[in-house]
**Q** 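One structure, as structure tokens, below. Some questions next.
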Amino acid sequence: MRVLLTGGAGFIGAQVVAALVARGHDPIVLDALLPSVHPVSPLMAADADWVHGDIRDRELLARALHGVDAVCHQAAMVGLGKDFADAPKYVSCNDLGTAVLLAAMAEAGVRDLVLASSMVVYGEGRYDCPVHGRVRPGPRPVAALEAGRFEPECPVCGHELAPGLVEEDAPADPRNVYATTKLAQEHLAAAWARSTGGRAVALRYHNVYGPGMPRDTPYAGVASFFRSALERGEAPRVFEDGRQRRDFVHVRDVAGANVLALEAVGGREPGVLTAYNTGSGTPHTVGDMAAELASAHGGPAPVVTGEFRLGDVRHITADSRRLKAELSWKPVVDFTAGMAEFATAGLRGADA
């Protein structure tokens, strides 16, 4: 299968390229190599064809899509950014870029798509109140965060809530610009599928980590921030009280999910987008992750600061059983082994 992989020089994309080649597929990598993501030019895989350019370039896409069987769309601006001033960049890269790509696919007759989405489309995770059952708390008030009250409360009675696993049919409730653009990408892909008879899969990634993560830029993930701090000999700074629940999934497992989705998407029902949660299935707190990483690295120990970022959610962990059942996917890198590897692995920008 010949696959056009957007963002294929990136942290996740590069691993998808390797996984595709290992399965006997023929990847074509399209990447803009933006300096904010690639301060050092990445090493290009010898087994893949490369196209240097932007997915917003319609003519470039028309050429890149020639002879392609499927598209794996990883290219995106990620993370929370600096502040809301970044919103136009996010919308342009993520949503306009996706719209241009889908329009080019429609013209080229390419009908199979795997989209990199994110668990952030859900907003806060699933919560249960002992009195009112399943509830959906709104954004946490600034006053509560400033007072160190980080747990969402029942919107009806104010009672403490128990977090649980989110399933794919949970309502979307994006809480920041990045999350909003990822949900818009899904809607665009669904509209494309209905209009063209295309087949689409959206993989809603959890907190992906592993070798080759970018250094701590405003767009990096929390694992990268902690790993970069340790490399500088500094203690990882853990926001809030460190008890935020996340699902940390290794990048090689995410790459494997992409390959399985690409191999299966051609047999799916036309005109439909199917979303799959893509996580390890084993939640951990951010504090647990920082401690595990610091221990494997040899210190220093994390410091819990009580700081917070507006737009962050408290708990978000999802149920990935649908992906396991329908695509026979199984994560193979466990938390302890993955963090031990990541503790000493190279970071993007340090050694490309």
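Because the structure is predicted, anything quoted here is derived from the model rather than measured.
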**Q** Would you mind checking if E167 and R126 are paired as a salt bridge, meaning a charged N to carboxylate O distance below 4.0 Å?
**A** no
**Q** Salt bridge check: are D49 and R2 linked by an N-O gap of less than 4.0 Å?
**A** yes
**Q** So, does R227 use its side chain to make a donor-acceptor pair with the main chain of A343 at under 3.5 Å?
**A** yes
**Q** Apply the test side chain to side chain contact (heavy atoms under 4.5 Å, CB included) to residues V208 and F11: give CA-CA distance (whole Å), side-chain angles for both, the deciding distance (0.1 Å), then the verdict.
**A** CA-CA 9 Å; V208 187; F11 164 51; 3.9 Å; yes
**Q** So, do N94 and V78 sit near enough that their side-chain heavy atoms are less than 4.5 Å apart?
**A** no
**Q** Counting only heavy atoms not in E59, do more than 12 fall under 6.0 Å of its CD?
**A** no
**Q** Just by distance, no angles: are the side chains of E151 and Y127 close enough, under 3.5 Å, to form a donor-acceptor pair?
**A** no
**Q** Taking atom CZ as the centre, does R58 end up with more than 12 heavy-atom neighbours from other residues, nucleotides or ligands that are less than 6.0 angstrom away?
**A** yes
**Q** Can you see whether Y90 engages N176 through a side-chain donor-acceptor pair at a distance of less than 3.5 angstrom?
**A** no
**Q** Donor-acceptor pair, distance only, cut-off 3.5 Å: does the side chain of E168 make one with the backbone of R322?
**A** no
**Q** If we ignore hydrogens and angles and just use 3.5 Å, is the side chain of S224 paired with the main-chain N or O of P214 as donor and acceptor?
**A** yes
**Q** Any sub-3.5 Å donor-acceptor pair from S195's side-chain atoms to A191's backbone N or O?
**A** no
**Q** Are the side chain of T181 and the backbone N or O of Y178 linked by a donor-acceptor pair below 3.5 Å?
**A** yes
**Q** Hey, mind stepping through R314 and E124 against side chain to side chain contact (heavy atoms under 4.5 Å, CB included) and telling me if it holds?
**A** CA-CA 7 Å; R314 178 60 175 174; E124 286 285 355; 3.6 Å; yes
**Q** Quick one: CE on M1 to SG on C72, what's the gap to the nearest 0.5 Å?
**A** 9.5 Å
**Q** Rounded to the nearest 0.5 Å, how far does CG of L260 lie from NZ of K330?
**A** 13.5 Å
**Q** Does the side chain of H297 pick up a donor-acceptor pair with the side chain of E231 at under 3.5 Å?
**A** no
**Q** So which of D112, L5, L20, V201 actually passes side chain to side chain contact (heavy atoms under 4.5 Å, CB included) with L262?
**A** L20
**Q** Counting neighbours of CZ on R321 that are heavy atoms of other residues, nucleotides or ligands and sit closer than 6.0 Å, is the number greater than 12?
**A** no
**Q** So that I can tick it off, tell me whether R252 and E341 are bridged by a salt bridge, with the cut-off set at under 4.0 angstrom between side-chain N and carboxylate O.
**A** yes
**Q** Judged by atom type as modelled, is there a donor-acceptor pair below 3.5 Å linking the side chain of D57 to the main-chain atoms of G53?
**A** no
**Q** Around atom CD of E234, are there more than 12 heavy atoms from other residues, nucleotides or ligands closer than 6.0 Å?
**A** yes
**Q** Tell me whether the centres of the aromatic rings in H250 and Y209 are closer together than 6.0 Å.
**A** yes
**Q** Is the closest side-chain donor-acceptor distance between Q74 and T6 under 3.5 Å?
**A** no
**Q** Could you tell me whether the side chain of R175 and the main chain of V121 form a donor-acceptor pair under 3.5 Å?
**A** no
**Q** Are any side-chain N or O atoms of S320 and backbone N or O atoms of L323, one a donor and one an acceptor, separated by less than 3.5 Å?
**A** no
**Q** Within this structure, what is the OG1-CE distance for the pair T98 and M105, rounded to the nearest 0.5 Å?
**A** 10.5 Å
**Q** To the nearest 0.5 Å, tell me how far I28 CD1 sits from L65 CG.
**A** 8.0 Å
**Q** Look at the rings of H284 and F335 and say which category their plane angle falls in: under 30° parallel, 30 to 60° tilted, over 60° perpendicular.
**A** parallel
**Q** Closer than 4.0 angstrom, basic N to acidic O: yes or no for R140 and E153?
**A** no
**Q** Test side chain to side chain contact (heavy atoms under 4.5 Å, CB included) on V51 and L60; report intermediate values, then the result.
**A** CA-CA 9 Å; V51 179; L60 180 73; 3.6 Å; yes
**Q** Rounded to the nearest 0.5 Å, what's the gap from CD on E307 to CZ on R309? Could you check?
**A** 10.5 Å
**Q** I'd like to know if the side chain of E146 reaches the main chain of A144, judged simply by a donor and an acceptor atom lying under 3.5 Å from each other, with no hydrogens or angles considered.
**A** no
**Q** Give, for atom NE2 of H73 and atom CG of L203, the distance between the pair rounded to the nearest 0.5 Å.
**A** 13.0 Å
**Q** Are a donor atom and an acceptor atom from the side chains of D247 and T317 found within less than 3.5 Å of each other?
**A** no
**Q** More than 12 non-hydrogen atoms from neighbouring residues, nucleotides or ligands closer than 6.0 Å to NE2 on H52, yes or no?
**A** yes
**Q** Under 3.5 Å, is there a donor-acceptor pair linking the side chains of R56 and S92?
**A** yes
